[in-house]
Amino acid sequence: MSDNGVPDLVELPSVMARSNISGSSTGDGPKFSSAHQEFAPKTAGTVELKSRIAEKAKDRFGDVSSSDEEDPADDFFGEEDEVLQPDPVCCFFCNRDADLPDVILEHCKSEHGCDLAAWVKKRLLPTEDIVKMVNFIRKTHPTPSSFSDKPSASGADPASWSADDYMMPVCAEDHGITSLLIWDWSEPDLPAEPFPAPVKRQQDMDIPSLMAGGDSVDNSDQCRDRDDARNVDYFDSYSGFNIHCEMLRDKVRTETYREAINAVVRGKDVLDIGCGSGVLSCFAARAGAKRVVAVDKADIIEHAHDIARANGLEKLIQFVHGDLDRVKLPVDKVDVIVSEWMGYFLLFEGMLDSVIAARDKYLSPTGTLIPSSASLYLTALSDEEDWKTTVGFWGDAYGLKFDCLRRHTLRYPSVHAADPTAVVSSTITLRAFDLMKCRVEDLDFSTETTFTPIKSCNITALVGFFDVGYDVASGEHKVMFCTSPADTTTHWAQSVFYLDKVFPVEQGLPVSLTADIRKTRDDKRGLTVTFYLKNSAALEWKQTYEL
């Protein structure tokens with residue numbers, strides 16, 4: 001999007017050109033036909049494209065025909081009305097091709113009985129999976145019925161194209177990928193774009209109606225303006241669509257929460273802190289909770305109510321849109337507090353502070369938390385090829401030094417799945433938290449310990465991860481999940497702290513480790529993390545990171 005509100009035209013080549021279908025439907029797989037060279041006249045193609053751009057702009061920005069500003073399409077094409085014709089879009093299941101993505105998608109629906117765009121959208125496939133899926137289709141030529149939701153269809157499994165090999169393009173400039181990423185989607189999947197605000201319903205509970213003594217708290221933009229900028233950014237980020245899709249796609253996270261909720265909440269009053277899409281509240285209602293109160297300051301809560309309504313649960317869940325620290329809940333005490341508060345490296349985002357405050361205020365003496373325990377761990381990694389690519393690269397990239405970018409790389413941990421075969425130490429426990437008892441001040445801490453390398457090597461990174469657990473009625477404590485490199489990857493992955501220089505260690509000889517973890521002074525949601533290492537040869541290393 002440009003500064004003056006005009007759509008960014010860089011992404012529009014996927015809609016350039018003519019709309020006829022060409023090629024043959026015979027053959028054993030999709031290939032580009034010789035008809036690619038048969039282009040319509042440039043002027044005609046330009047007029048059609050400019051018309052389509054104008055229609056798209058009108059749909060998103062209203063009628064701007066009376067504006068004195070220049071037509072953005074004119075700026076894009078220039079005064080001569082000339083445009084380069086793009087490569088056509090090849091059908092996913094036969095040899096036919098067309099110049100417009102929607103024509104190919106419609107062709108797949110009418111000729112092959114496969115609405116591929118709808119299939120992708122229904123499953124909320126992320127970009128990487130779409131790229132892999134298209135290359136899988138191009139390479140293996142599955143039947144169109146594999147991508148049908150009909151009961152008789154065999155059904156394509158995204159695991160079939162999970163291998164990284166499918167990131168390699170089968171067709172150069174494959175606009176079929178683009179067609180599934182951006183074409184004919186009623187809601188563009190833009191980062192951090194807030195949901196449109198639904199009309200408030202009378203049964204939606206808001207801050208003024210819940211305040212003690214009739215006091216009213218402004219829940220408008222003026223109230224948000226009084227918050228610090230970090231909190232505004234934080235809650236706005238959770239008002240977007242993408243982040244909730246990511247969490248809901250995380251089966252490890254979501255299914256283990258459902259299991260814990262099913263084991264604990266029957267017949268009890270439940271408080272869901274930071275309810276987001278409302279999935280945990282819906283689980284609690286279905287598991288037989290007597291009452292569920294769901295609280296979130298982010299605007300996503302308005303849609304959580306819609307989700308509860310769509311599933312027939314709206315009478316069991318009361319939604320409170322506001323800051324937990326400011327509202328008075330419709331219950332004095334609850335039996336269970338459930339919250340998915342964990343951030344990267346467990347403590348990033350500082351949401352545990354709110355859970356602890358709510359525990360002290362609302363949890364009954366016999367109540368419990370889900371999760372009720374959390375532990376933060378560290379392990380050492382030796383992956384010199386990865387280090388050279390990530391850190392060493394900036395020292396001499398194309399014969400130039402990029403010291404400022406190297407410093408930036410080392411200032412923050414990288415969030416990704418670490419290679420479990422590169423782990424060279426046992427698991428180091430930095431801190432185990434009993435969430436039923438811990439205090440906010442316990443979340444700033446230092447740990448001194450030692451670990452023993454399992455081989456002689458150079459340590460290139462320290463890797464942080466965590467686990468969480470809950471208590472059942474029998475008194476048994478169960479681990480919900482762990483985010484270690486050896487476990488199934490979650491959306492948290494691991495926090496990889498790259499060393500500024502490799503650190504040599506010897507197999508079997510202990511290494512001293514000190515870890516200091518504290519909230520950032522001016523940002524209660526951020527963390528400042530310092531690690532100190534000392535090996536058997538008295539070589540020392542120290543580095544500070546920010547989250």
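The figures that follow rest on heavy atoms only: side chains count, while hydrogens, waters and symmetry mates do not.
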Student: Who passes side-chain hydrogen bond (donor to acceptor under 3.5 Å, both in side chains) against S354, sequence neighbours left out?
Tutor: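 Testing S354 for side-chain hydrogen bond (donor to acceptor under 3.5 Å, both in side chains), a comparison that skips the adjacent residues, returns none.
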Student: Going by side-chain hydrogen bond (donor to acceptor under 3.5 Å, both in side chains), name the residues that satisfy it together with Y362, two or more places apart in sequence or in a different chain.
Tutor: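 Partners of Y362 under the side-chain hydrogen bond (donor to acceptor under 3.5 Å, both in side chains) test: none.
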Student: Please enumerate all residues that pass side-chain contact (heavy atoms from CB on, under 4.5 Å) together with R518, with sequence neighbours excluded.
Tutor: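 R518 satisfies side-chain contact (heavy atoms from CB on, under 4.5 Å) with D444, S446, D516 once adjacent residues are dropped.
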Student: Is there a donor-acceptor pair under 3.5 Å between the side chain of K333 and the backbone N or O of K361?
Tutor: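 It does hold such a pair.
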Student: Please identify each residue that fulfils side-chain hydrogen bond (donor to acceptor under 3.5 Å, both in side chains) with T256, with sequence neighbours left out.
Tutor: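 None.
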Student: Any side-chain to backbone donor/acceptor pair from N262 onto A287? Under 3.5 Å, distance only.
Tutor: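 Not confirmed, N262 side chain does not pair with A287 backbone.
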Student: Going by side-chain contact (heavy atoms from CB on, under 4.5 Å), name the residues that satisfy it together with S426, two or more places apart in sequence or in a different chain.
Tutor: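 S426 satisfies side-chain contact (heavy atoms from CB on, under 4.5 Å) with no residue once adjacent residues are dropped.
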Student: Taking only residues two or more places apart in sequence, or in another chain, which ones meet R411 in a salt bridge (charged side-chain N to carboxylate O under 4.0 Å, His left out)?
Tutor: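 Checked R411 against salt bridge (charged side-chain N to carboxylate O under 4.0 Å, His left out); matches are E546.
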Student: If you round to the nearest 0.5 Å, how far is CZ of F433 from CG of L352?
Tutor: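 L352 atom CG to F433 atom CZ measures 7.5 Å (nearest 0.5 Å).
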Student: Tell me the closest heavy-atom pair linking L363 and D335, and the distance in Å.
Tutor: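 Smallest interatomic distance, heavy atoms only, reads CD1-O, 3.7 Å.
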Student: For V295, which of D272, L324, I273 qualifies under side-chain contact (heavy atoms from CB on, under 4.5 Å)?
Tutor: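 Single side-chain contact (heavy atoms from CB on, under 4.5 Å) partner of V295 among D272, L324, I273: L324.
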Student: Would you check, one step at a time, whether the test side-chain hydrogen bond (donor to acceptor under 3.5 Å, both in side chains) holds for T449 with T447?
Tutor: CA-CA 6 Å; T449 186; T447 297; over 6 Å; no
Student: Please enumerate all residues that pass side-chain contact (heavy atoms from CB on, under 4.5 Å) together with V423, with sequence neighbours excluded.
Tutor: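 If we apply the side-chain contact (heavy atoms from CB on, under 4.5 Å) test to V423, skipping adjacent residues, the hits are T379, L381, P485.
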Student: Which heavy-atom pair separates A308 from I317 by the least distance, and what is that distance?
Tutor: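 Between these two residues, the closest heavy atoms are CB-CD1, 4.2 Å.
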Student: Would you mind listing every salt bridge (Lys or Arg N to Asp or Glu O under 4.0 Å) that reaches into residues 416-440, with sequence neighbours excluded?
Tutor: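 Residue pairs with at least one partner in residues 416-440: R439-E441, R439-D442.
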Student: Between the main-chain N or O of A422 and the side-chain N or O of D383, is there a donor-acceptor pair closer than 3.5 Å?
Tutor: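 Checking the backbone N and O of A422 against the side chain of D383, no donor-acceptor pair under 3.5 Å is found.
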Student: Does W161 have its ring centroid less than 6.0 Å away from the ring centroid of Y166?
Tutor: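 When the ring centroids of W161 and Y166 are compared, they turn out to be at least 6.0 Å apart.
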Student: Say whether, by atom type as modelled, one donor and one acceptor occur between the side chain of D296 and the main chain of G276 under 3.5 angstrom.
Tutor: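 A pair under 3.5 Å: yes.
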Student: Can you give me the closest heavy-atom contact between A284 and V270, atom names plus distance?
Tutor: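 Result for this residue pair: CB-CG1, 4.4 Å.
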Student: With side-chain contact (heavy atoms from CB on, under 4.5 Å) as the test, pick out the partner of L378 among F451, F531, F465.
Tutor: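 It is F531, the one option of F451, F531, F465 that forms the side-chain contact (heavy atoms from CB on, under 4.5 Å) with L378.
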Student: Is D353 salt-bridged to K519, going by a charged N under 4.0 Å from an acidic O?
Tutor: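 Salt bridge between D353 and K519, a charged N being under 4.0 Å from a carboxylate O: yes.
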Student: My understanding is that only residues two or more places apart in sequence, or in another chain, count here; which of them pass side-chain contact (heavy atoms from CB on, under 4.5 Å) with T514?
Tutor: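 side-chain contact (heavy atoms from CB on, under 4.5 Å) list for T514, sorted by chain: E448, Y532.
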Student: If you round to the nearest 0.5 Å, how far is CD1 of I307 from CD1 of I301?
Tutor: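 Here the interatomic distance stands at 11.0 Å.
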Student: For S373, what residues pass the side-chain hydrogen bond (donor to acceptor under 3.5 Å, both in side chains) criterion, not counting sequence neighbours?
Tutor: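 Residues passing side-chain hydrogen bond (donor to acceptor under 3.5 Å, both in side chains) with S373: H477.
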Student: Please report, to 0.1 Å, the donor-acceptor pairs under 3.5 Å made by any side chain of residues 492-499, with sequence neighbours excluded.
Tutor:
| unit_1 | atom_1 | unit_2 | atom_2 | d |
| --- | --- | --- | --- | --- |
| W492 | NE1 | M342 | O | 2.9 |
| Q494 | OE1 | A418 | N | 2.7 |
| Q494 | NE2 | T483 | O | 2.8 |
| Q494 | NE2 | S484 | O | 3.3 |
| S495 | OG | F345 | N | 3.3 |
| Y498 | OH | D386 | OD1 | 3.4 |
| Y498 | OH | D386 | OD2 | 2.6 |

Student: Just to verify, what does E255 make a salt bridge (charged side-chain N to carboxylate O under 4.0 Å, His left out) with, not counting sequence neighbours?
Tutor: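 With sequence neighbours excluded, E255 shows a salt bridge (charged side-chain N to carboxylate O under 4.0 Å, His left out) to no residue whatsoever.
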Student: Which atoms form the tightest heavy-atom contact between F93 and P142, and what is the distance?
Tutor: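 That closest heavy-atom pairing would be CD2-O, 3.7 Å.
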